[in-house]
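Keep in mind that the numbers below use all heavy atoms, side chains included, and drop hydrogens, waters and symmetry copies. Reminder, nothing fancy here: chain letters follow the sequence lines and each chain counts from 1.
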Amino acid sequence: MTEFVTLREAVAGLIHDGDCVAMEGFTHLIPSAAGHEVIRQGRKDLYLVRMTPDLIYDQLIGSGCVSRLRFSWGGNPGVGSLHRLRDAVERGWPGPLALEEHGHADMANAYVAGAANLPFSVLRGYQGSDLPRYNTNIRFIRCPFTDEELAVSPAIRPDVTVIHAQKADRRGNVLLWGILGVQKEAAMAAKRVIVTVEEIVDSLDAPPNACILPRVVVNAVCLQPGGAFPSYAHGYYARDNRYYIAWDEIARDRETFKAWMQKHVHNTADFNEFRRVLAETAGAAA
Amino acid sequence: MTEFVTLREAVAGLIHDGDCVAMEGFTHLIPSAAGHEVIRQGRKDLYLVRMTPDLIYDQLIGSGCVSRLRFSWGGNPGVGSLHRLRDAVERGWPGPLALEEHGHADMANAYVAGAANLPFSVLRGYQGSDLPRYNTNIRFIRCPFTDEELAVSPAIRPDVTVIHAQKADRRGNVLLWGILGVQKEAAMAAKRVIVTVEEIVDSLDAPPNACILPRVVVNAVCLQPGGAFPSYAHGYYARDNRYYIAWDEIARDRETFKAWMQKHVHNTADFNEFRRVLAETAGAAA
Amino acid sequence: MSYTTNEIMTVAAARRLPDGAVCFVGIGLPSTAANLARLTHAPDVTLIYESGPIGARPDVLPLSIGDGELAETADTVVPTPEIFRYWLQGGRVDVGFLGTAQIDRFANLNTTVIGPYDKPKVRLPGAGGAPEIASNAREVLIIVKQTARSFVAKLDFVTSAGHLDGGDARARLKLPGKGPVAVITDLCIMEPDPVSRELTVVSLHEGITREQVTAATGWPVRFADSLGTTPAPTDHELQVLRALQQRTALAHGTAGGGGGD
Amino acid sequence: MSYTTNEIMTVAAARRLPDGAVCFVGIGLPSTAANLARLTHAPDVTLIYESGPIGARPDVLPLSIGDGELAETADTVVPTPEIFRYWLQGGRVDVGFLGTAQIDRFANLNTTVIGPYDKPKVRLPGAGGAPEIASNAREVLIIVKQTARSFVAKLDFVTSAGHLDGGDARARLKLPGKGPVAVITDLCIMEPDPVSRELTVVSLHEGITREQVTAATGWPVRFADSLGTTPAPTDHELQVLRALQQRTALAHGTAGGGGGD
């Protein structure tokens, strides 16, 4: 059953060193505030999972929180590379990063399989691709009825899934809308679920068949308005594209990155303070 | 792309003798009008599929349209047996009916697999049940990662899926809401799709992430208000429970059944006329 | 207040549903009992129906598994495949609440045929969701009227696994849930023996004799050493149940909770 | 009107998208071309983005594959798994519109690494949806700027299958779609040879020489016997494209359609 706690309490209580953690979001509703809190609390040896690792995963990797990454596309969406991810893969800084690389179709299927408590997923995929040569977790089976060959992949079963959503009601039911990505499947596949939300309301007033995570699958709801910044929250705020562009410069250099993280994340108490410090920096630069 | 046609034209053009046809609906939005039209046009040798065959399938079976049925629960919901289904299975009247019997979980998975263009579905199921002994299409495989045993079943790929929905827009997009059952999956799994609707509107004005069948998967939209009678259409009309109870009596006896079908279906031009004749009968009985 | 055997069956079944549980509800008697529980001691139960509603709070009992009342009162309504895949198979169901046509001494269930499968004497509706509810729910409650025709020595067909041939048979088959934990009838309450898993009468409803139970059971039924008497329904339980059934009758012109799925 | 090489690339790519087609759109150049097609000759195209929108009609180009603009203008927005399962794998996508980092003579694509996989010189973003778009879409269009660094004799990594090692290799592997049917660059248009499947220049953009194309290709590129000249963008095409990019710049402070996914 859902507890209403601060993000600090949720991360402290539910995310442990060595956990398999999925912080999902498909350019929409990225759980940035939660990612920062994981960095602030100094988690180590995380096995991160995400279809589209972006800025927050770049920050986690550069901060030395991550030893392993299962993913299908890692980049700064609309801008270019993730320099911290590249530095870890190309030069092993700040430590080695083991990659488990799949395609999007496979990752989406593997979340569905995880949500359905199946040990593997099945897809028509990877024919002619080199990916199965470098990822021994991509295998092939034959259909017991037609003898067709199909790809299989281990289901994703995170210890913890973290998502950001628009609303929760006071009983702990969570509503999200717009681009949904794989958030619902990632949550249903997880042992524990943390949701940061824009607001907590008496009633969701959701339309029929809306995308709702019932309270019985949500362990912690944390009120964190703006928690998806710099991505967007449909109906609340737009993407801050300047931040995405600025990140490209910040992340290129190890020292610039470290100084930025120290000032903006380690030296701030929470995401609200991070936003204030960031606004001051931007104001000073203007 | 969607054509807007009468139900008579849709059935004539898209449903052929011997086809595999799914007319889905989970006590809500049952495509009764379409079922009647199939009977009126005298289709033969149909391979019907449905999780919950109810009155309309009883009528199709009793009318000799059906040679094979894949299903998981056949009854008069809230009332009792389907006497025409029983007569076909127990005594081969009006002809033999081959059963392919599964459980609900399996059927739902098999529609999902069909929609995903996979040849089979995987589930944790049937352990200890006699069903696999009598249905050789229920088989077992081992997980290539964990060696666990799992049940598999052939995907459902109907030639035609028929559903009833609340609304279509003039471009052919279809909106349904409330209890959704497996209608979307059944439609996505089919080669051809017929949808009867309560109304055709300029704009669906659908909420975000509503259940919509995009026009490119819909072959025919037929305006048929009341087309789900005697089941209900959420937001339009309630279930007519008297009809369900009355059907129990009508269907018990072969001659009563035949006379009823002759008068109400074969002798009526369409579902609107059927409703008028039925109302007169009810009025006379009162 | 006086009460009927049907009423004590429903009340006794309702009492077995713990507050806060996620309950997969079959239509008919299970739905009546589950909603009675929700309206009495278990306000925080999450009722799931296979048609898609999660967290349904119907004010009147549904006629069918897919009533609009379920959709309108639920926390959310998802497609049926999600119910079976993400919820039931996903291991998120605490209690599966089932009825049946036939049951044997190990609480295996038959809802498929009476007689041979290929030439049945009576063709029953079929499995529905029961086989996977019976295997995947953490525990299973069964509510069924007790007669020698329904409580049989040998099932014509095993649709859904109870404790199979007893003992650790479920564990050997690696069934995820622990199976039937109680069978609540209009005469008594049975529970599986902790070792043999054979159904054992643990409580007789007030006024019911051992002989009546024995006569209504198709095998030599065992009684627990510490055989109890089922506590009578409280006035509150009866009032809530009757009010629910009265609202249902007014809404549907029937008592609801009838047969069928 | 005069135009840039980027503009003729986009226009030439847009023209290959048939009206009424269901098109799975990659972000960046493919998204620009697909939306230009929608705003000119193909108003009835159904644009699908992997984040979930189906039938998107963005007024400004998206910055990312999951922009709110896509959701707001779409016929419907479904979860990402449905896009890949019911639409792409379901065989409902007519045209897959892809970009790439590297391409070889058989239109195989690399978006994974430059250099060895385990010790890459450049770690690229990865596969995204491309491997399954490349195999499952009925046909594939590729839009990419042409340089000797991107058009290479041998890929460091085959992320997504084009025509593999040529000939009937796709058919032998039972790939559902027919693979790349055209590669549109800022210099020319290439199509696979009907038999060998090797990419062949079929049309040069106005003012571009064979020598320029040869210099920008890492293998001895072939030219069709009937080598044509790409028809210049019409004024209408250019006006629509520039207006789209201007609206995008106003909305985002950028031209949109940049790199990334």
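Residues C/Arg92 and A/Val216 are not in side-chain contact: their nearest non-hydrogen atoms beyond the backbone lie 4.5 Å or more apart.
Of the atoms belonging to A/Asn173, it is side-chain heavy atoms, and not backbone ones, that fall under 4.5 Å from chain C. When heavy atoms are compared at a cutoff of 4.5 Å, C/Val22 approaches chain A solely by way of its side chain, counted from C-beta outward. Contacts of A/Ala206 with chain C are absent, with no heavy-atom separation under 4.5 Å from either backbone or side chain. When heavy atoms are compared at a cutoff of 4.5 Å, C/Glu82 approaches chain A solely by way of its side chain, counted from C-beta outward. Of the atoms belonging to A/Ala155, not a single heavy atom falls under 4.5 Å from chain C.
Listed here is the closest heavy atom pair of C/Thr76 and A/Ala210: OG1-O, 3.8 Å. For A/Ala116 against C/Tyr86, the heavy-atom pair with the smallest separation is N-CD2, 3.9 Å.
Atom CZ of A/Arg8 has 12 or fewer neighbouring heavy atoms from other residues, nucleotides or ligands inside a 6.0 Å radius. In A/Glu148, the CD atom is crowded: over 12 heavy atoms of neighbouring residues, nucleotides or ligands sit closer than 6.0 Å. Remark: A/Glu149 CD is packed, more than 12 non-hydrogen atoms of other residues, nucleotides or ligands lying under 6.0 Å away. Surrounding NZ of C/Lys174 are at most 12 heavy atoms belonging to other residues, nucleotides or ligands under 6.0 Å away.
Atom CG of C/Asp75 sits about 12.0 Å away from atom CG of A/Leu175, to the nearest 0.5 Å. A/Arg171 CZ to C/Asp44 CG: the interatomic distance, rounded to the nearest 0.5 Å, is 7.0 Å. Within the model, atoms CE of A/Met188 and CZ of C/Arg85 stand 11.5 Å from one another, a figure rounded to the nearest 0.5 Å. C/Asn136 contributes atom CG, which lies 7.5 Å from atom CG of A/Asn117 (distance to the nearest 0.5 angstrom).
Heavy-atom pairs under 4.5 Å with chain A peak, among C/Gly90, C/Gly55, C/Pro176, at C/Gly90.
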